[in-house]
Amino acid sequence: MYDIKALYEAESVEDAIRLLTEHPEAQIIAGGSDVLVQIRGGRRAGKELVSIYMIDDMRGVSMLEDGTIRIGSLTSFYHIAEDPIVQKYIPVLGEAVSTVGSPQVRCIGTIGGNTCNGVTSADSSSTLHALDAIVEVTGPNGVRTLPIKEFYLGPGKVDLAHNEVQTAIMIPKAAYEGYYGNYIKYGMRNAMEIATTGCSVNVKLSDDKKTILDIRIGYGVAGPVPLRAVTAEAAGKGQPVSMDTVKLVSEKVLEDVKPRDSWRASKEFRLHLCKTMAERATIEAIKRAGGDI
């Protein structure tokens, strides 16, 4: 059984904000794939819940007039992976969310819940970092946006006030146009597994496919929050498409990541994973971009 004090069902974003303001101890619930597990385990037992699951305006993928891809925070992993806009312009995100849990979890779990829980292992987050995603937050004072790297404040903590709702995640056109990516997840099992480490790489090559114009590398479980390997990125920008460049980039990520020991893996093993995954994901991203390596 689930120990829930009360459940309020919001009819709109504005209604959700009102309910959260009136009930300062309430917890937002969307798909429930995280929150209900936590309640059943006792971590959030006895909580009031504000359900936003029926707010259809927060679902779906669309392209704005300026080319920005807008993903409603209630869009399920399944619908993201199957969406034609995602498949055409940012397929790496579809690949990443397809590694989450089981088919049942992917049908109920949402990208907003995956990012708002603040955990470093969220499969979407490293790819969203590599896509330079923007988070849209709506609250009593209106709408504000911030880069996803600023959304994460610490382990399990995001920049979201109690009476604010994350309403969308946006990928600007400049962040995906001409870029090709690859996401690699390492876990002890092939399914139903929390990432031991995840790495997402996006590259943009020159017209002749000989030079790396830009590279963005996102990690999960390589630090207390998802992060970008900025030192490695700087080392790869402007460099020729070659194995020497790939090796340099994969070595440099060790200056950016800060993994820890846990029961899933030692710090040393995660450092090995970070280096190896960066190399493999960069090679695959270059190949997808048309580079010869």
Side-chain angles (χ1 to χ4, degrees), residues 7-23 26-38 44 47-87 89-90 93-94 96-98 100-101 104-119 122-125 127-128 131 133-148 150-152 158-172 175-176:
L7 174 65
Y8 310 100
E9 191 168 285
E11 298 178 353
S12 65
V13 174
E14 293 74 20
D15 193 33
I17 294 168
R18 176 187 64 80
L19 286 167
L20 289 167
T21 301
E22 292 176 356
H23 302 277
Q27 162 89 41
I28 289 179
I29 183 171
S33 56
D34 284 330
V35 172
L36 289 178
V37 172
Q38 293 167 355
R44 298 184 187 274
K47 280 280 189 179
E48 294 178 294
L49 300 178
V50 173
S51 173
I52 60 173
Y53 192 71
M54 301 304 292
I55 306 176
D56 286 337
D57 289 346
M58 289 177 59
R59 283 190 175 82
V61 181
S62 60
M63 182 170 286
L64 306 183
E65 290 185 4
D66 65 356
T68 296
I69 296 173
R70 187 178 192 275
I71 305 172
S73 293
L74 283 182
T75 310
S76 71
F77 301 124
Y78 171 79
H79 284 101
I80 291 171
E82 295 295 315
D83 187 86
I85 293 175
V86 172
Q87 291 180 348
Y89 297 103
I90 49 173
L93 180 60
V97 299
S98 293
V100 176
Q104 296 91 334
V105 170
R106 292 193 291 274
C107 284
I108 196 71
T110 65
I111 195 165
N114 200 228
T115 51
C116 285
N117 63 19
V119 300
D123 289 299
S124 68
S125 294
T127 297
L128 291 173
L131 284 168
I134 304 294
V135 177
E136 177 188 279
V137 174
T138 305
N141 299 319
V143 177
R144 63 186 178 94
T145 60
L146 68 162
I148 193 165
E150 296 178 12
F151 185 62
Y152 285 83
V158 295
D159 187 359
L160 194 67
H162 172 75
N163 57 357
E164 289 184 316
V165 179
Q166 187 206 99
T167 42
I169 292 173
M170 297 177 291
I171 316 295
Y176 68 80

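Any value given below was found using the heavy atoms of this structure, including those in side chains, with hydrogens, waters and symmetry copies removed.
Within a 6.0 Å radius of CE in Met63, more than 12 heavy atoms belonging to other residues, nucleotides or ligands are found. Within a 6.0 Å sphere centred on OH of Tyr78, heavy atoms belonging to other residues, nucleotides or ligands number 12 at most. More than 12 heavy atoms of other residues, nucleotides or ligands lie within 6.0 Å of OH in Tyr8, so this atom counts as buried by the packing criterion. Surrounding CD of Glu22 are more than 12 heavy atoms belonging to other residues, nucleotides or ligands, all under 6.0 Å away.
Taking OG1 from Thr145 and CE from Met170, the interatomic distance works out to 5.5 Å, rounded to the nearest 0.5 Å. Rounded to the nearest 0.5 angstrom, Ile90 CD1 and Thr127 OG1 are separated by 10.0 Å. One distance of note links CD1 of Ile28 with CG of Leu19; it measures 10.0 Å at 0.5 Å rounding. Rounding to the nearest 0.5 Å gives a distance of 11.5 Å between CD1 of Ile111 and CG of Leu74.
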### Message
The test is side chain to side chain contact (heavy atoms under 4.5 Å, CB included); show your working for Val135 and Thr115 and say whether it passes.
### Response
CA-CA 10 Å; Val135 177; Thr115 51; over 6 Å; no

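Judged by distance alone, the side chain of Thr110 and the main-chain N or O of Gly31 form no donor-acceptor pair under 3.5 Å.
For Arg106, there are no salt bridge (charged side-chain N to carboxylate O under 4.0 Å, His left out) partners, not counting sequence neighbours. Residues forming a side chain to side chain donor-acceptor pair (under 3.5 Å) with Arg59 (at least two apart in sequence, or on another chain): Asp56. The side chain to side chain donor-acceptor pair (under 3.5 Å) search around Ser76 returns His79, not counting sequence neighbours. Looking at residues two or more places apart in sequence or on another chain, you find no side chain to side chain donor-acceptor pair (under 3.5 Å) involving Thr75. Tyr152 meets the ring pair (Phe, Tyr, Trp, His ring centres under 6.0 Å) test with His129; sequence neighbours excluded. Take Asp66 and apply the salt bridge (charged side-chain N to carboxylate O under 4.0 Å, His left out) test, not counting sequence neighbours, and it matches no residue.
Annotation: side chain of Asn114 is in contact with side chain of Phe77 (closest heavy-atom distance under 4.5 Å). Side-chain atoms of Arg18 and Asp15, non-hydrogen and from C-beta on, do get closer than 4.5 Å to each other. Counting heavy atoms from C-beta outward, Asn117 and Val158 have side chains that stay 4.5 Å or more apart.
Side-chain contact, Glu9 with Ser51: no donor N or O sits under 3.5 Å from an acceptor N or O.
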